[in-house]
Amino acid sequence: MVLQAIKYSRGQLEILDQLKLPHQEEYDHIYSSTDAWHAIKEMRTRGAPAIAIVAALALAVELVNMKLPAAAEEVQVFILEKLDYLVTSRPTAVNLADAARKLKKTTEDAAAKEGADGSSVREAYVAAADKMLVDDVSDNENIGKHGAEWIVKNTAAGRQGKVSMVTHCNTGSLATAGYGTALGVIRALHAQGALKHAFCTETRPYNQGSRLTAFELVHDHIPATLVTDSMAAALLRLKGGSENIAAIVVGADRVAANGDTANKIGTYSLAILARHHGVKFLVAAPRTTIDLSTESGSDIVIEERPGQEVTLAKGPRHDGATLDLAVVETVSIAAHGIGVWNPAFDVTPAELIDGIITEVGVVEKDSDGVFHLQGVFGTGGAEAKPSTIGGI
Ligand code: MRU
C-alpha cells in the first residue's frame, strides 16, 4: 500500500498527523487556511514541499466550501490575504513562499480577465493548487531517477556494485506529495536493484529520522538501519568500506543562488563528515526549493523552535516489553532549568556539496567550484548551463 501523507479531493483535505507516527496512523481534516497554518506550525505536517502543498490545498478547500462573493476582485483580495497569512507559518522552507507567489499570479491573472467573476477566479486558483499536488509527485520521481543514475555512474562505490546510502531527517512520501526527494533517490536505487543498505539518522531533536524515515523504510521493505546523529562519523569510518557507502543524500528547505543549502539541523555536520571521509554529499530538491532571489546562505532566516522540543520527549508508554498505544506520555530528558538553543535548520556551504539533484538533472559545480543554478530554470545563457546528466 502506498503511504499517503495528503489525501485530497475537491473540497476535502486530510493530512496524516505526523506527531502520532510511527505508532498511530491518524488523519486530521483540514477545512481552512487557519487549520493548515496550525497544522504546519505544530508540525503535524512538515517537509518543505508538503508544507507548500497542504497550504495551497487548504485554501482551495476553503474556497470550494465557502459562500463565495460574486465579485472577482473580492475573491482575489480574500485569496491574496490568506496566502500572505499562510506564508507566516514557518519561515525557512521557501517552497511555501514560492507556491504563494505563483498562486497569487494565477489569481491576479484570472481576476483581470474579461468577464471574470468570483467563481472563475476560484476555479483558476483551485486548478493551480490541484496541479501542484500532481506535479510534486512526478518531480520527485524524476529526482529519484536522476539521482540514482548519477550515484551509480559518478561514485567509486557505484562503479563497484550495490551502494549504501546515508540520509538525514525525513524527505520521503511524508514530506512531499509522494515518493520523496532524498528518500526518493534511495527508493529509486532500491527499485533498480542498486541499493545495498540505507542508513537513516535519528535527527534530533524532532526525530524525523527515527519516527518518519525509519517508518517509510520499514513500510517499503528497504534494508535499513537507524543510527543516532552522533554515530555518523563512526559509521563512515568503520562501515564505509564494508557497506560500500557511496554518498550522504539530504533534502533542502531552501537552496540559495550560490548553492548554499538550508536543511534540517545536523545536515552541515554530515557534509563535513562526508568530505573528510571521501564520500559524496548530495542535496536532492525540486526547483521549487531553489531560491535565486536569496544570494547566499547568510540571507536565509533560520527558524528557532521551543526549547521543550529538546528537553522533553513524547510517545506511547513502553514498559520494557510491550507498547501501550492508549497511554501517551511526555517525559523530561534534560536537567531542569538548563537553557536551550533549538535552531530547526542549518546552512551547508556550497563548497561542501558535490551535486544538487533536481527533477531536470543533477547540477554540479564548474571548474571554479561555482554552481550555476539558473540553468535548471532554462535561463542564464549557454555559459551558465550546469554540468548535468539530466539533459538540461
Ligand atoms: O522541520 P521539518 O521536518 O519540516 O524539516 C524538514 C527538512 O529539513 C527536510 O529535509 C526538507 O524540508 C526537505 S523535505 C523533502
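Just so you know, ligand 1 is whichever comes first in the structure, and atom 1 is the first atom listed for that ligand. All figures in this text were calculated on a predicted structure; none of them were measured in a lab.
Within the structure, the closest approach of Cys169 to ligand 1 falls below 4.0 Å when heavy atoms are considered. Residue Phe345 places a heavy atom under 4.0 Å from ligand 1. Assignment of Ala344 to the shell around ligand 1 is not supported, since no heavy atom sits closer than 4.0 Å.
By the 3.5 Å distance cut-off applied to N or O atoms, Gly47 is counted among the residues near ligand 1. Taking any N or O of Asn170, backbone or side chain, none lies under 3.5 Å from an N or O belonging to ligand 1. Backbone and side-chain nitrogen or oxygen atoms of Ala48 are examined, and one is located within less than 3.5 angstrom of a nitrogen or oxygen of ligand 1. Considering backbone and side-chain atoms alike, Thr181 places every N or O at 3.5 Å or more from each N or O of ligand 1. Residue Thr171 has no N or O atom closer than 3.5 Å to an N or O atom of ligand 1.
With sequence neighbours left out, the side chain to side chain contact (heavy atoms under 4.5 Å, CB included) criterion links Asp291 to Val94, Arg254, Ser293, Thr294.
Thr92 contributes a side-chain N or O that, together with a main-chain N or O of Val301, makes up a donor-acceptor pair within less than 3.5 Å. A donor-acceptor contact shorter than 3.5 Å links the side chain of Thr203 to the backbone of Thr201. The backbone N or O of Ser173 lies less than 3.5 Å from a partner atom in the side chain of Glu216, making a donor-acceptor pair. Formation of a donor-acceptor pair under 3.5 Å by the His372 side chain with backbone atoms of Asp366 is not found in this model. Of the possible donor and acceptor atoms, one in the side chain of Thr261 sits under 3.5 Å from a partner among the backbone N and O of Gly259. Lys365 places a side-chain N or O within 3.5 Å of a backbone atom of Ala350 that can act as its donor or acceptor partner.
The residue among Arg46, Lys264, Glu303 with a heavy atom at the shortest distance from atom 3 (O) of ligand 1 is Arg46.
Shown in contact with Met43 at under 4.0 Å from a heavy atom are these atoms of ligand 1, numbered in order with element: 1 (O), 3 (O). Close contacts of ligand 1 with Asn263, meaning ligand atoms under 4.0 Å from a residue heavy atom, involve 7 (C), 8 (O), 9 (C), 10 (O), 11 (C). Near Pro49, meaning under 4.0 Å from one of its heavy atoms, ligand 1 places the atoms 14 (S), 15 (C).
Of the residues listed (His146, Lys145, Arg287), the one engaging Glu359 in a side-chain hydrogen bond (donor to acceptor under 3.5 Å, both in side chains) is Arg287, and it is the only one.
For residues 331-356, the pairs satisfying side-chain hydrogen bond (donor to acceptor under 3.5 Å, both in side chains) are Glu304-Trp341, Glu309-Asn342, with sequence neighbours left out.
Residue-level proximity to ligand 1 for Ala252 is carried by the backbone, the only part with a heavy atom below 4.0 angstrom.
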